[in-house]
Peer 1: 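Sharing a structure below in structure tokens format, with a few things to ask.
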2 protein chains.
Amino acid sequence: MTAQPNLDFTISTAPQVYDWLRDVILRCELPPGARLSEIEIGKRIGVSRQPVREAFIRLASDGLAEIRPQRGTYISAISVSAVLSARLIREAVESDLVRMIAADADAALIARLDHELDRQREAVARGDTDGFVRLDDDFHYAIAQAAGQETVWGVLEGLKSQMNRLRYITVRAFDAQKLIDQHAAIVEGLRARDPGRAEQAMRLHLREVLNDLPELSRSHPEFFKP
Amino acid sequence: MTAQPNLDFTISTAPQVYDWLRDVILRCELPPGARLSEIEIGKRIGVSRQPVREAFIRLASDGLAEIRPQRGTYISAISVSAVLSARLIREAVESDLVRMIAADADAALIARLDHELDRQREAVARGDTDGFVRLDDDFHYAIAQAAGQETVWGVLEGLKSQMNRLRYITVRAFDAQKLIDQHAAIVEGLRARDPGRAEQAMRLHLREVLNDLPELSRSHPEFFKP
DNA sequence: TACTGCATACTTGCATACTAGTAAATACAA
DNA sequence: TTGTATTTACTAGTATGCAAGTATGCAGTA
């Protein structure tokens, strides 16, 4: 973790420090359990303790950091129960969303989703893992948008933060082709205007993480907590 | 808003200030749009700006306050889209939970929920509105608990914060009897071990707020934002 | 009366000094 | 060598001072 944020001193620095640290944590450049220091980070980016401290407070309220008074601040371990909760909530919500739009899925929507599938295949073909992760998000956002529920997607994004770190400590490269096939199954359900089929495809897709989580938490117990 | 928090100076004051202000805001003792001041609140409870400021930062990241640099800090207006999103998420998640437990709802669970219904009827009989609100939460928590998803309920509680304020600006007293009947319908679905019936009863119940929201936002436009 | 410009009194953002609590290294004794 | 007391370095929590942006009221002008 040597990189620095690009600070714009014409606007408040504390939120910029927060955005930077959040990104660093979610990418596991600072691994769970790593120690943070107000002074050390302040020195590195050229500000006092105060803005760094305010960033820590927000990270702690997100569950991404843990402030132990008079002891130190640490990157939170990944909470297995938080991951499972976020997954369950995603499944419940996104299966409802896909059901809502299935009945009158028009050609424009199907074309949009088919296009997203093409982009996903291209990313996998050129081995662009980070790009695929972004496109995966784009696909799910497109469905929320079609349901007119962009705000709901915003809430889900917040919940996903714990799950995000999982991708970076995966033992083996995750099977992007499998995920694309599952996306395609969802689109097929929509193309057929079959709510039940689209819903089941979505549920199956969002249960995928359940396959990897036990193995992950076994092989990296130091990164997890109950 | 004349009350003061009971500060325990053996532990950090900033989180106590946060808890107190959050409670005050959610009970609408400080209405949406009201102005907060670091100095003024600090003086009132006998601490400096710093702990108050840290409380403001957390409230802002919860969406309950809005910090306008060099201008002031204000209680956030109730976001209609946030309320609608929280409602949609609740419906999706809780209908899934009730479906999960319907198939093997045992006598102990039914007895527990029947008991909750009795307590709700008692609260209404003695006109204890605040008590009923708490019991309403207890009922839904009991269902989450039966599904082994206490953590999920914790997440939902965070989302509900925007909805909480609605209860306190209701034009007319809300129809507690109607809500109890809806709760009872959910229990009937569980007693019959009928997942579909229990789910539909839960969905109907959680759509109730949709009836009041338009009227509320029309009659108190100053408390709402899109 | 209506408008402009400025003085003034606020606000939050940031830096810094100080306090108190923790933990680890060290000195010392058995 | 082992166990204990003490010192020391470090942490976050709080208070406070200063800087810079904003709103407001008032004086002066047309």
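Chain A is the first sequence line, chain B the second, and so forth, proteins listed ahead of strands; every chain is numbered from 1.
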Peer 1: Return no unless some side-chain N or O of B:R68 is found under 4.0 Å from OP1 or OP2 of C:dT11.
Peer 2: no
Peer 1: Do the side-chain N or O atoms of A:T13 get closer than 4.0 angstrom to the phosphate oxygens (OP1, OP2) of C:dG13?
Peer 2: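 Indeed not, no polar side-chain atom of A:T13 lies that close.
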Peer 1: Report yes if the side chains of B:T13 and B:F9 come closer than 4.5 Å at any heavy-atom pair, otherwise no.
Peer 2: yes
Peer 1: Are the side chains of A:L88 and B:L97 in contact, using a 4.5 Å heavy-atom criterion?
Peer 2: yes
Peer 1: Does a nitrogen or oxygen in the side chain of B:T73 sit under 4.0 Å from OP1 or OP2 of C:dT11?
Peer 2: no
Peer 1: Flag the pair B:R90 / B:H140 as yes when at least one side-chain heavy-atom distance between them is below 4.5 Å, and no otherwise.
Peer 2: yes
Peer 1: Counting just side-chain N and O atoms, does A:R71 come under 4.0 Å of either OP1 or OP2 of C:dA23?
Peer 2: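 Yes.
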Peer 1: On DNA chain C, compare the nucleotides closest to B:E40 and A:E54; which residue's is nearer the 5' end?
Peer 2: B:E40
Peer 1: For A:R35 and D:dA9, give me the distance from atom CZ to atom P, rounded to whole Å.
Peer 2: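 Interatomic distance, CZ of A:R35 to P of D:dA9: 16 Å.
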Peer 1: A:W20 versus A:I41: any side-chain heavy-atom pair under 4.5 Å?
Peer 2: yes
Peer 1: For a side-chain contact (heavy atoms from CB on, under 4.5 Å) with A:E54, tell me which candidate from B:E54, B:R53, B:R58 qualifies.
Peer 2: B:R53
Peer 1: Whole-Å distance between D:dT11 P and A:E66 CD?
Peer 2: 17 Å
Peer 1: In whole Å, what is the span from the CZ atom of A:F56 to the P atom of D:dA12?
Peer 2: 7 Å
Peer 1: Any side-chain N or O of B:S12 below 4.0 angstrom from OP1/OP2 of D:dA12?
Peer 2: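 It does not, given that no N or O in the side chain of B:S12 lies less than 4.0 Å from OP1 or OP2 of D:dA12.
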Peer 1: Whole angstroms only, please: what is the CD-P distance between B:Q16 and D:dT14?
Peer 2: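 It is 9 Å, rounded to the nearest whole Å.
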Peer 1: I'd like to know if the side chain of B:E116 pairs up with that of B:Q120 as donor and acceptor (distance under 3.5 Å, no hydrogens or angles considered).
Peer 2: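 Side-chain D/A pair, B:E116 to B:Q120: absent.
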Peer 1: With a 4.5 Å cut-off on side-chain heavy atoms, are B:T73 and B:E66 touching?
Peer 2: no
Peer 1: If I take atom CD1 in residue A:I39 and atom C1' in nucleotide C:dA15, what distance separates them, rounded to the nearest angstrom?
Peer 2: 13 Å
Peer 1: Side chain of A:P69, heavy atoms from C-beta onward: which of D:dA12, D:dT14, C:dA15 has the nearest atom to it?
Peer 2: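 Shortest atom-to-atom distance from the side chain points to D:dA12.
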Peer 1: Roughly how many Å is it from OH in A:Y18 to C1' in C:dG13, rounded to a whole number?
Peer 2: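 In whole Å, C:dG13 C1' lies 19 Å from A:Y18 OH.
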Peer 1: Report yes if a donor N or O on one partner sits less than 3.5 Å from an acceptor N or O on the other, where the partners are the side chain of B:Q70 and the base of C:dT12; otherwise report no.
Peer 2: yes
Peer 1: Round to the nearest Å and state the distance from A:I11 atom CD1 to D:dA20 atom P.
Peer 2: 17 Å
Peer 1: Give the nucleotide from the list D:dA12, C:dA15, D:dT14 with an atom nearest to the side chain of A:Q50.
Peer 2: C:dA15
Peer 1: Quantified as the angle between the terminal helix axes (five pairs each), what is the overall bend of the helix from C:dT1-D:dA30 to C:dA30-D:dT1 to 10 degrees?
Peer 2: 10°
Peer 1: Picking from C:dC18, D:dC18, C:dA15, which would you name as closest to the side chain of A:P51?
Peer 2: C:dA15
Peer 1: Does the B:E91 side chain pair with the main chain of B:R207, one donor and one acceptor, at a distance under 3.5 Å?
Peer 2: no
Peer 1: For the side chain of A:R49, counting heavy atoms from C-beta on, which of D:dG13, C:dT11, D:dT11 is nearest?
Peer 2: D:dG13
Peer 1: What is the separation between atom CZ on B:R53 and atom P on C:dT16, rounded to the nearest whole Å?
Peer 2: 16 Å
Peer 1: Nearest of C:dT12, D:dA15, C:dT16 to any side-chain atom of A:S48?
Peer 2: C:dT16
